[in-house]
Amino acid sequence: MAVPKKRTSKSKTRIRKAIWKNKANKSALRAFSLAKSILTNRSKSFYYTINIPPFIILFITKGKFRFLTKFELVLACALHYGTFILALPIFFLLYKTKQQPWNILLQTALEPVVLSAYGFTFLTALLATIINAIFGLILAWVLVRYEFPGKKLLDATVDLPFALPTSVGGLTLMTVFNDKGWIKPICSWLNIKIVFNPIGVLLAMIFVSLPFVVRTIQPVLQNMEEDLEEAAWCLGASPWTTFWHILFPPLTPSLLTGTTLGFSRALGEYGSIVLIASNIPMKDLVISVLLFQKLEQYDYKSATIIASFVLIISFTALFFINKIQLWKKTFHK
């Protein structure tokens with residue numbers, strides 16, 4: 001008759017760990033199912049929000065119930081922060097828009113006032129982006145390549161739109177460019193009106209989006225080697241040829257990034273525009289002010305639909321610009 005082998009301490013420890021792990025998995029699954037049963041009577045949005053933390057943890061651990069390592073804990077915190085601050089508001093905005101019938105979506109999005117605000121906002125933001133791309137590149141070049149009195153003051157002034165509240169920026173622009181401001185002689189001579197006019201909206205968009213272009217180009221210019229320029233000059237290249245073939249290609253990714261950020265910032269500007277523009281429909285009404293007017297009228301459905309369309313258009317523009325950057329990188333390789 002065979003005598004069964006005695007279990008060693010290692011095998012007993014292994015068995016205890018397996019039993020404990022099985023019990024932990026069962027208790028975790030039981031708690032998860034209990035939470036689901038509690039939330040069945042709640043709204044779907046609340047249900048999705050509550051289920052995000054366990055989903056992220058299970059995603060990190062690849063479906064296993066176990067303790068997190070230090071790196072996984074930091075990763076979980078970062079994913080929770082990005083989800084709740086960035087992804088979740090966008091998801092619920094699109095989810096609320098999806099709940100609306102198609103006829104209401106089209107009716108709201110194709111209203112004459114909304115279409116006029118779309119066209120004016122995007123065209124003005126695009127024009128401000130083009131102007132900032134040209135003069136922002138020049139300003140960054142001057143700040144990096146030249147020494148002159150007041151350079152540090154000018155360099156600090158570039159960051160002023162970042163520090164100022166947008167309403168203060170709009171009030172500053174009104175003080176300078178109104179009919180009784182410092183620029184009155186020049187405006188009278190040119191026969192133009194800036195405040196309460198589309199030109200004022202353009203000026204406000206340029207003001208808030210200029211630092212994005214300058215601050216993305218400036219580090220690239222500072223790290224650029226001057227040996228290539230000197231070699232081009234020794235070979236007889238003109239200043240324009242040197243700039244276009246030697247200096248401009250490395251600046252293109254940062255210039256595209258800065259202009260994209262500036263374009264997105266100009267699209268969402270509200271504080272300075274609401275002060276310097278007349279906010280009259282079909283004249284100089286922008287999307288951000290139109291959204292605020294809809295919310296003041298308690299028309300939350302129209303505000304949600306308009307915001308969703310702007311969000312989709314902005315994401316599409318960012319997607320294509322990123323594709324262009326990737327294409328340029330692969331082309332140069």
> What pairs with Thr97 under side chain to side chain donor-acceptor pair (under 3.5 Å), at least two apart in sequence or on another chain?
Replying inline: Ser308
> Lys193: what forms a salt bridge (Lys or Arg N to Asp or Glu O under 4.0 Å) with it, not counting sequence neighbours?
Replying inline: none
Has the side chain of [X] got a donor or acceptor atom that lies under 3.5 Å from a matching backbone atom of [Y]?
X      : Y      : value
Asn223 : Pro219 : yes
Glu269 : Ser272 : yes
Asp284 : Asn279 : yes
Lys151 : Leu143 : yes
Thr108 : Ser302 : no

>> Hydrophobic clustering (ILVMFWY, side-chain heavy atoms < 4.5 Å, transitive) - are Leu153 and Trp141 grouped together?
In response: no
> Which residues pass the side chain to side chain contact (heavy atoms under 4.5 Å, CB included) test with Val195, sequence neighbours left out?
Replying inline: Met174, Phe177, Asn178, Ile276
> Mind checking who shares a hydrophobic cluster with Leu86, ILVMFWY linked at side-chain heavy-atom distances under 4.5 Å?
Replying inline: Tyr81, Ile85
> Other than Tyr298, what residues sit in its cluster of Ile, Leu, Val, Met, Phe, Trp and Tyr side chains whose heavy atoms are under 4.5 Å apart, directly or through others?
Replying inline: Leu295, Tyr300
Less than 3.5 Å apart, which donor and acceptor atoms pair up between the side chains of residues 120-127 and the rest of the protein, not counting sequence neighbours?
residue, atom, partner, partner atom, Å
Thr121, OG1, Ala117, O, 2.6
Thr121, OG1, Ile287, N, 3.0
Thr124, OG1, Phe120, O, 2.6

> Relative to each other, are the rings of Phe91 and Tyr95 parallel, tilted or perpendicular (30° and 60° limits)?
Replying inline: parallel
